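Residue numbers start from 1 in every chain, and the chains themselves are labelled A, B, ... in the order their sequence lines are given, proteins ahead of strands. The shown structure was predicted, so the numbers you read here are calculated from the model rather than taken from an experiment.
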Amino acid sequence: MIINHPLLGPRDSSEFVYLGDACLINRPAWVGERTEGEDVNDAKTAEALQQYHDYVHLRQNNAGEHKELWYHEQGDRSWLVVTRNTITHEIYNVELAKDVALANKTARATQGGKK
Amino acid sequence: MSQQNRLNKDKSSGFIDRDKTIHFNFNGEQFEGYQGDTLASALLANDQKLVARSFKYHRPRGIFTAGSEEPNALMHLRTGAYQEPNVRATVAELFEGLEARSQNHRGSLKHDLMAINDFLSPFLTAGFYYKTFMWPKAFWEKLYEPIIRQSAGLGELSGQEDPDKYDKGFLHCDILIIGAGPSGLAAALAAAQAGSRVILADEDFVMGGRLNNETYQVNEMHGAAWAKATLAELASMDNVRLMKRTTVLGAYDHGIYSALERKTDHLSASDIAYNGNKPRQVLWRIYSKRAILSAGSTERPIAFPNNDRPGVMLAGAVRTYANRYDVAVGQNVSIFTNNDDGWRTASDLVAKGVTVQAVIDSRDIHPVAEIAGASIEMGAHVIDTKGRHALQSIQLSNGKTYDTDCLAVSGGWNPNVQLSCHHRGRPQWNEDILSFVPSGDGSGGLPPEMHIAGAANGHLDLSSALSSGYELAKSLSKELGNASKVGGCPKAESESIANSAFWFVKTDTKSRSWLDFQNDVTTKDVRLAQQEGFTAVEHVKRYTTLGMATDQGKTSNIPAMAVMADNEGKTIPEVGTTIFRPPYTPVSIAAYAGRSRGKEFRPTRLTPSHRWAKEQGAEFVEVGAWMRAQWFSKDGETHWRESVDREVTQTRNSVGICDVSTLGKIDIQGRDAGEFLNRVYCNTFSTLKVGMVRYGLMLREDGFAMDDGTTARLGEHHYLMTTTTANAVGVSRHLEFCRQCLWPDLDVHVISATEQYAQYSVAGPNARKLLQKIVDPEFDISNEAFPFMACGDITVCGGTAARLFRISFSGELAYEIAVPTRYGYSMMKTLMQAGEEFDAVIYGTEALSVMRIEKGHAAGNELTGQTTAHNLGMGRMVSKKKDSIGNIMSERPNLIKEDANRLVGFVPVDKSEKLSAGAHFIQKGKSAITENDEGWMSSVAFSPSLGHSIGIGFIKSGHQRMGEIVTASNLLQGKEIDVEIVSAHFIDPDGERLRV
């Protein structure tokens with residue numbers, strides 16, 4: 001496969017390391033400070049655990065269009081979000097993960113503001 | 001008589017150089033051929049009809065084709081370590097001194113003892129293995145498997161290391177053209193003239209495809225002459241790369257193709273020696289913007305009883321041997337065809353002066369042509385053949401019998417669609433040519449940007465083959481912006497390709513009609529498979545092994561589908577095709593390995609003190625890609641333990657030096673570097689003072705321990721992290737992930753500095769005294785000025801920049817000193833010289849490990865990815881006051897439960913006993929079964945300091961069970977030892993030595 005790196009142009013996929021579903025960018029927010037010995041079953045912690053359970057263990061496994069993380073380890077060490085068709089391997093879009101993460105953060109902040 | 005089947009010189013094609021006689025050896029007998037021959041054409045010139053034995057029934061077999069589709073004539077080529085099995089004689093170029101041996105027989109080729117299988121054939125039908133070797137169960141290992149192994153496979157490997165070199169390469173082009181037959185040449189010419197960068201690849205050693213094998217005219221000259229002139233023109237163009245002897249093997253993603261180029265397979269040993277270091281084969285990865293598949297077509301046989309005798313050949317092959325190689329494969333040839341093209345073989349042979357005995361056409365139509373001297377049998381078919389080691393006669397459906405020594409069979413032509421299906425596309429049935437063609441554009445399945453030209457796309461006649469290649473290349477070039485003026489389309493007459501659907505001779509007799517010659521699959525086997533319920537084409541394939549031999553059913557698949565269709569009352573497209581996968585033809589594993597063999601399988605990393613360690617006679621151990629000194633044997637030491645014990649004792653008594661450069665070093669800088677570290681480590685780093693070092697534990701997001709190490713704060717916004725040797729790359733990747741994907745708003749940058757510094761541990765009570773001799777005097781490293789866990793930039797040896805860290809893995813007063821890698825050798829030498837007065841010792845990874853176990857420090861055996869901070873006794877390090885990776889998940893109730901495994905120490909009750917790593921802990925008196933398992937021993941060592949074996953490991957609630965005796969059970973060694981649970985800090989539990 002050839003990945004069209006946003007900074008470096010078309011690069012062979014053998015230069016990259018594959019991680020998986022790009023949803024790993026969306027790490028749940030910090031639940032806030034907890035005191036020593038606090039019950040792990042309290043509501044706040046339980047909710048955080050549930051969010052992290054979903055974040056760590058649940059992945060999309062699309063047959064078709066899929067956003068996924070690739071790391072240009074043999075290159076400029078960029079993490080990329082590659083939108084790829086898992087059936088045909090066609091690549092629709094390649095973005096710097098940093099840009100995607102920043103955009104997500106901005107979007108989340110705006111949503112939070114509306115609330 | 002030598003080369004008795006060679007045609008007269010005046011009939012020569014020009015492809016054979018009769019002035020260059022080549023001597024070769026087949027099964028111990030000397031023969032002659034000419035430059036330009038293949039092994040097959042030379043054997044046929046010498047009337048060698050019997051050249052092989054079939055796989056299962058050991059039937060006598062002859063050469064069947066003239067190309068890479070050959071199912072029968074597989075040989076051992078060369079001898080000794082150079083021996084290669086399963087070489088197809090039809091594609092092996094003849095060279096001086098070539099040695100070939102037939103394979104798959106016991107005794108001589110002519111008197112194969114295994115031919116008994118042919119008489120046992122009623123018992124060796126489809127599914128024989130599945131039915132026969134089922135019982136009794138005990139027979140499998142002792143009897144069946146050895147017998148099957150003995151019979152399995154065709155050729156034999158030399159058993160020696162392959163002495164040849166293989167290489168890999170990368171090529172780029174606008175248009176890759178696969179196959180240099182008429183359509184490929186027309187395409188290459190048009191594309192090149194238009195200005196495209198072209199790669200033209202062909203598996204043959206002479207390009208031109210069927211133009212070289214036939215007598216058709218192109219642009220009013222002999223087709224072969226036109227091909228030669230076209231190739232000369234292409235060769236003169238800078239934008240064209242001609243790659244003969246190059247088989248395109250597979251179509252991969254995004255226009256990438258793999259191809260194998262055979263560089264020296266056609267050379268004699270002396271030529272190869274002359275060519276020096278050239279690789280034998282090169283595996284190319286070709287990046288193309290467009291690809292044209294012009295792979296031509298392959299003739300298919302007709303199945304009839306005993307159609308596998310030596311002398312029965314494909315009609316196209318018979319005329320190829322006559323037209324290109326000047327060889328008459330028989331003195332008295334008959335032709336059996338269901339189509340017009342078969343007649344071309346008859347007329348070509350007559351033109352070459354070969355006697356044609358009879359032309360048998362299954363169609364009851366007017367004879368297609370007059371064939372001088374031949375009987376014409378229309379509406380007839382061959383129902384049997386005779387001749388044990390060579391064909392002698394054929395029997396026809398109309399009762400006639402002909403004596404004949406060669407039967408040329410033509411069942412029509414199949415487009416070579418293989419590469420068009422490598423993305424799981426399914427070919428479509430074309431009723432005009434009665435075969436499958438690649439699925440059209442847009443219907444899905446074709447590799448993107450692959451286009452099909454010529455016979456591969458069903459254009460079986462020469463005229464449309466030429467024009468399809470030409471037009472395609474022109475329009476693709478235009479698409480790519482290459483629109484220079486192109487010459488005219490090459491012209492040829494349109495020959496008749498009329499054919500008929502006559503696939504196999506129906507017979508009620510017990511005689512067998514072969515479909516797959518290489519795997520000995522007959523029409524009966526296919527029928528049996530279907531009777532037994534294996535009706536899907538993929539099931540029939542696997543049950544009968546049809547098309548699963550090295551030829552991948554190139555000649556057998558379509559006739560077999562016709563048989564399946566007939567059995568099931570379906571059409572052939574309803575039966576469907578099996579999936580085509582790379583490679584197109586067999587490739588040696590060595591070509592895939594390329595240079596990545598033996599020690600070159602991956603890079604070897606050497607430490608900065610490697611040369612020095614080697615001079616000291618170090619034993620090295622592979623740690624990942626690194627070579628690390630394991631211990632240093634001194635004179636008189638006969639056992640590694642003696643060396644290790646000495647290294648430990650001397651370090652603990654005075655001072656020892658060890659290369660620790662392999663640990664990962666990651667430089668972290670930026671205004672938010674401290675915050676970044678707070679988030680990647682479970683403990684806090686932003687509070688660390690400049691000039692100090694702190695131990696950090698890194699968790700994975702699921703709460704398990706990932707890696708540990710020390711991180712030094714070199715400046716306000718500058719940290720240096722160390723990782724374990726094994727995880728250096730992974731941690732670096734993880735930090736980049738955190739920085740770019742999770743916290744892109746943090747101002748922080750990370751870069752690996754592992755290879756930039758040579759870092760040595762100087763440990764032992766005399767460590768400071770030693771260092772004071774080399775650290776420049778303006779730097780005060782006294783205990784007060786440079787306390788435990790201090791770090792800083794210093795200079796050594798009169799101005800050389802260095803870094804000093806007062807950290808300890810051994811538990812002694814210890815420092816790690818880092819200098820730029822280029823000073824690694826001299827720094828080590830300097831340290832050892834300075835240490836002479838203290839009797840300083842160099843120690844390796846074994847002593848390092850012994851000392852860390854004595855201190856109860858976790859390492860790779862403890863950080864397995866299945867242990868938590870809680871397990872490691874570091875649960876309290878996980879700060880709840882800040883966000884960090886793994887912080888939340890590490891609190892999952894089951895991970896922090898009270899009776900979770902805890903890291904503790906173990907000593908044998910009987911101090912003379914030796915502990916073993918991997919042993920499981922069982923409560924005393926209970927049996928060693930999974931239900932009673934309480935944990936495991938992770939690391940053990942002989943402690944020279946204590947004089948007995950010690951271990952650390954994980955056991956349920958270990959920290960609350962000090963003094964308890966449990967059983968350490970090692971079922972692999974059949975050993976049970978009573979051990980006492982103790983603190984993991986065997987030496988200096990209060991850490992006093994560190995702080996002096």
For [range], give me every residue with a non-hydrogen atom less than 4.5 Å from any non-hydrogen atom of chain B.
| range | answer |
| --- | --- |
| residues 60-69 of chain A | A/Leu69 |
| residues 8-19 of chain A | A/Asp12, A/Ser14, A/Val17, A/Leu19 |
| residues 97-104 of chain A | A/Ala97, A/Lys98, A/Ala101, A/Leu102 |

Ignoring hydrogens, what is the shortest heavy-atom contact between [X] and [Y]? Give both atom names and the distance.
| X | Y | result |
| --- | --- | --- |
| B/Tyr592 | B/Pro583 | OH-CB, 3.7 Å |
| B/Gly886 | B/Leu699 | O-CD1, 3.8 Å |
| A/Tyr55 | A/Pro28 | CG-CD, 3.5 Å |
| A/Ile91 | A/Ile2 | CD1-O, 3.5 Å |
| A/Val94 | A/Asn4 | CB-O, 3.3 Å |

Worksheet entry | Contacts of type side-chain contact (heavy atoms from CB on, under 4.5 Å), residue B/Asp747, not counting sequence neighbours |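 With neighbours one apart ignored, the set is B/Arg671, B/Asp672.
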Between [X] and chain A, which part of the residue has a heavy atom less than 4.5 Å away: side chain, backbone, both or neither?
| X | result |
| --- | --- |
| B/Tyr252 | neither |
| B/Arg285 | side chain |
| B/Arg739 | side chain |
| B/Ile256 | side chain |
| B/Tyr287 | side chain |

Practice prompt. Tell me yes or no: between the side chains of A/His5 and A/Asp76, is some donor less than 3.5 Å from an acceptor?
Written response: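 Present: a donor and an acceptor within the cut-off.
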Practice prompt. Just give me the residue among A/Ser78, A/Ala29, A/Ala22 that pairs up with chain B most often, heavy atom to heavy atom, under 4.5 Å.
Written response: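 Max contact count across the listed options: A/Ser78.
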Worksheet item: With the threshold set at 4.0 Å, does a side-chain nitrogen-carboxylate oxygen contact exist between B/Glu479 and B/Lys289?
Response: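 Answer for the salt bridge query: no.
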Between [X] and [Y], is any pair of side-chain heavy atoms under 4.5 Å apart?
| X | Y | value |
| --- | --- | --- |
| B/His422 | B/Met450 | no |
| B/Val282 | B/Lys168 | no |
| A/Tyr71 | A/Arg77 | yes |
| B/Val748 | B/Glu675 | no |
| B/Asn683 | B/Val878 | no |
| B/Gln669 | B/His749 | no |

Discussion item. With a sphere of 6.0 Å drawn around CZ of B/Arg595, does it hold more than 12 non-hydrogen atoms of other residues, nucleotides or ligands?
Written reply: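 Yes.
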Worksheet item: Should we count CD of B/Gln960 as having more than 12 external heavy atoms under 6.0 Å?
Response: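 Correct, the count exceeds 12.
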Worksheet item: When only pairs under 4.5 Å are counted, which of B/Arg700, B/His423, B/Glu701, B/Arg424 shares the most heavy-atom pairs with chain A?
Response: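 Between B/Arg700, B/His423, B/Glu701, B/Arg424, the count favours B/Glu701.
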Worksheet item: When rounded to the nearest 0.5 angstrom, what is the spacing between OG in B/Ser890 and NE2 in B/His870?
Response: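 Atom-to-atom, B/Ser890:OG and B/His870:NE2 are 10.5 Å apart.
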Practice prompt. Identify which part of A/Gln51 has an atom lying under 4.5 Å from any heavy atom of chain B, answering side chain, backbone, both or neither.
Written response: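 For A/Gln51, neither part sits under 4.5 Å from chain B.
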